[in-house]
Number of protein chains: 2
Amino acid sequence: MSNVDGQSTKSTRSGVQSVVRAFALLDLIADAGGRATLSELAERADLPMPTIHRLLRTLVGLGCARQMEDRGYALGPALMRLGDLAGRQLGDIVQPYLRSLVQDLGETANIAVLDGDMMVYSAQVPSQHSMRMFTEVGRRVHPSATGVGKAVLPSLKQERIAQIVQSSGMPELTPKTITDYDELLEELDRIRERGYAIDEEEQELGVRCFAVNVPGAPTPTAVSVSGPKSRLDEEFAKRAIPLVQGAAQQIGAELNRVE
Amino acid sequence: MSNVDGQSTKSTRSGVQSVVRAFALLDLIADAGGRATLSELAERADLPMPTIHRLLRTLVGLGCARQMEDRGYALGPALMRLGDLAGRQLGDIVQPYLRSLVQDLGETANIAVLDGDMMVYSAQVPSQHSMRMFTEVGRRVHPSATGVGKAVLPSLKQERIAQIVQSSGMPELTPKTITDYDELLEELDRIRERGYAIDEEEQELGVRCFAVNVPGAPTPTAVSVSGPKSRLDEEFAKRAIPLVQGAAQQIGAELNRVE
DNA sequence: ATTGTTATTCCACTATGCGGAATCAAATCT
DNA sequence: AGATTTGATTCCGCATAGTGGAATAACAAT
């Protein structure tokens, strides 16, 4: 969702030009951290100011944008409800992929998204074992101490990583939790290299987790399998990691599918 | 954000017709629980099907809507990021009002929004007392056992209340927690009558909270003050309740302000 | 196979959205 | 305090993007 020039979008993804432009502006405001001036938007959107102004006034009227007292624009509260309901649809979208993982591997599968400075579990399919991971949907966990968080962080810019970790903190949840920032960065380098993250009892003793970033997700998202380390051994890892990586690719493609 | 007929909107809130219509369709899908068919939308929007179809295809192309295999439409994942960032703006919007409450009353002030079946604290200004309420932003709490939840529930439809309570459950957090559904409904009747909710040690022993629904909020929202019951006595209540009610009105007006 | 319902595509038409020019408002400089 | 610069907003003639009725396609029910 990037193209503000309705003409070139017409050749790739046909659509109503004004609607495409309006969402492009919301996207640009989001890219700027939730706030931007009309001039900044004009520069990035490569559209004339009267056009941007008219679209923004419409969005303000709808509650999807707000004009601040310094004349800058911010995302508006009306988007919260749509975002909340869309988040619930995500669970529906990914459920088949999580179920497939559970069938193949026999362990609990989860999806979590980055929400502010914490990871939030938004869908889960538990395994059939009596002793299994159960993470309530909606639960917020520290990015630095979880597989899903460590899977997502490497895909972010360095300053964004610093901001998130500084804001959410690095509490010592178990003796295995990474609490040193430089050590975390080294771990993120390793994750980038091998393409998946491991939670080695960092969030909870006795629990292991393998997680992979979902490429192209509209918001940073990770898919994972988790369970007791007695079951999630190296042999399990060899089977699980390619399957989780495959699920991440499929989910990413599904989230980007437009037909 | 309701009017799908661009013409009548023109006289009230001028705007780009296609953009107004596109968001109206998203709103209608949201009203239907996140999913709707083209026919349902045509009926409620009072627009010709080709028009609705064209707008929906645009939204699908942007990732803001998804077409399911049964040809129905659902809200799409691209709205999640916008909703998340808009939620963070909410904190900025309400901060001055919460700060004002804390200055006037000397106790912690909070805003919480309904997210699925739980209330989520999205902003807080703590009091200066050493012993004070501190609720982490992002924390999810049960609607039936909190002031903010009980403030919001009376504004919802009966079937929505039943759905939320059935889904989130009514766990006994303290001996004072309401765990009987009929008793909860009676309490909601009382809240409707007097215009505010009280958490009488239901969420946490020794803690009291006065909460008011925010009228006209784009998503169910409540504002509250909370603290130890030794300080939040009846005399405090007499001072606090009108101020919290006033803050709720102001926040509601602010969230609906378009100029 | 037929019928009914819902969804999608086509296309002539025009009303809406566009964007350059003009104007206004705020910030900065002298 | 006044002038200049920068950014935002409004105006309005124009043309094309968006409209919606008709036609067609797809799906569900019988």
Side-chain angles (χ1 to χ4, degrees), chain A residues 3-26 28-29 32 35-62 64-74 76 257-259, chain B residues 3-26 28-29 32 35-62 64-74 76 257-259:
Chain A
N3 217 314
V4 299
D5 182 333
Q7 302 304 2
S8 58
T9 296
K10 205 187 189 85
S11 62
T12 57
R13 292 178 171 179
S14 67
V16 177
Q17 187 186 57
S18 305
V19 175
V20 170
R21 286 176 165 181
F23 275 101
L25 290 174
L26 290 174
L28 288 171
I29 297 175
R35 300 177 169 218
T37 66
L38 197 135
S39 308
E40 290 168 357
L41 293 172
E43 199 175 309
R44 290 182 198 142
D46 197 28
L47 284 173
M49 282 191 148
T51 304
I52 293 176
H53 189 263
R54 185 176 46 254
L55 290 165
L56 283 177
R57 299 266 22 106
T58 304
L59 292 170
V60 167
L62 295 169
C64 297
R66 293 177 47 80
Q67 185 166 31
M68 298 170 291
E69 274 160 32
D70 67 355
R71 300 172 105 186
Y73 289 87
R257 180 177 67 80
V258 297
E259 206 48 47
Chain B
N3 218 315
V4 298
D5 180 333
Q7 302 302 2
S8 57
T9 296
K10 208 186 187 82
S11 63
T12 57
R13 293 176 171 181
S14 67
V16 177
Q17 186 185 57
S18 305
V19 175
V20 171
R21 286 176 162 180
F23 275 100
L25 290 174
L26 290 173
L28 288 172
I29 298 175
R35 300 181 171 216
T37 67
L38 199 133
S39 308
E40 290 167 357
L41 293 171
E43 198 175 311
R44 288 179 198 145
D46 197 28
L47 283 174
M49 282 191 147
T51 303
I52 292 176
H53 189 261
R54 186 174 47 255
L55 290 164
L56 283 177
R57 297 261 33 99
T58 303
L59 294 170
V60 167
L62 294 169
C64 297
R66 291 177 50 82
Q67 187 166 31
M68 298 171 291
E69 272 159 33
D70 67 356
R71 301 170 105 188
Y73 289 87
R257 179 176 67 80
V258 297
E259 207 49 50

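Quick note on labels: first sequence line is chain A, next is B, and so on, each numbered from 1.
Taking the side chain of Val16(B) as heavy atoms from C-beta on, and the options dG19(C), dG17(C), dT9(D), the nearest nucleotide is dG17(C). Between dC18(C), dT9(D), dT9(C), one nucleotide has an atom nearer to the side chain of Gln17(A) than all others, and that is dC18(C). Closest to the side chain of Ser18(A), out of dC18(C), dT9(D), dG20(D), is dC18(C).
Leu55(A) has its side chain out of reach of Val60(A): every pair of non-hydrogen atoms, C-beta onward, lies at least 4.5 Å apart. When side chains are defined from C-beta on, Arg71(B) does not count as touching Thr37(B), because their heavy atoms never get closer than 4.5 Å. At a threshold of 4.5 Å between non-hydrogen side-chain atoms, the residues Val19(B) and Val16(A) do not count as touching.
Leu55(A) has its CG atom 11 Å from the P atom of dG18(D), to the nearest Å. Atom-to-atom, CG of Asp70(A) to C1' of dA27(C) comes out at 13 Å; the value is rounded to the nearest Å. When rounded to the nearest whole Å, the span between NE2 of His53(B) and C1' of dA23(D) equals 15 Å. Nucleotide dC18(C) holds its P atom 11 Å from the CD1 atom of Ile52(A), rounded to whole Å. Separating the CD atom of Gln67(A) from the P atom of dG7(D) is a distance of 16 Å, rounded to the nearest angstrom. One atom, CG of Asp46(B), and another, P of dG21(D), lie 11 Å apart when rounded to the nearest Å. As rounded to whole Å, 17 Å separates atom C1' of dC11(D) from atom CE of Met49(A). Per the geometry, CG belonging to Leu47(A) stands 6 Å off P belonging to dG19(C), to the nearest Å.
For dT19(D), neither phosphate oxygen OP1 nor OP2 lies less than 4.0 angstrom from any side-chain nitrogen or oxygen of Thr51(B). Residue Tyr73(A) places no side-chain N or O under 4.0 Å from the OP1 or OP2 atom of dG7(D). Remark: Arg57(B) is not in phosphate contact with dG18(D), judged by side-chain N or O atoms under 4.0 Å from OP1 or OP2.
Contacts of Arg35(B) classified as side-chain hydrogen bond (donor to acceptor under 3.5 Å, both in side chains), with partners at least two apart in sequence or in another chain: Gln89(A), Asp92(A). With sequence neighbours left out, the side chain to side chain contact (heavy atoms under 4.5 Å, CB included) criterion links Pro48(B) to Pro50(B), Thr51(B).
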Open item on the list: What does the B/S/- profile of nucleotides 20-26 of chain C look like, 5' to 3', with a 4.0 Å heavy-atom cutoff to protein?
Closed with: BB----S

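Just one residue in the list Glu40(B), Gln67(B), Arg66(B) forms a side chain to side chain donor-acceptor pair (under 3.5 Å) with Tyr73(B), and that residue is Gln67(B).
Place Thr37(A) and Val19(A) on DNA chain D by their nearest nucleotides, and Thr37(A) ends up nearer the 5' end. The 5' end of DNA chain C is approached more closely, in terms of each residue's nearest nucleotide, by Leu38(B) than by the other of Leu38(B) and Arg54(A).
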TODO: Any chance you could lay out the side-chain contact (heavy atoms from CB on, under 4.5 Å) test for Leu56(B) and Leu41(B), step after step, and finish with the verdict?
DONE: CA-CA 10 Å; Leu56(B) 283 177; Leu41(B) 293 171; 3.8 Å; yes

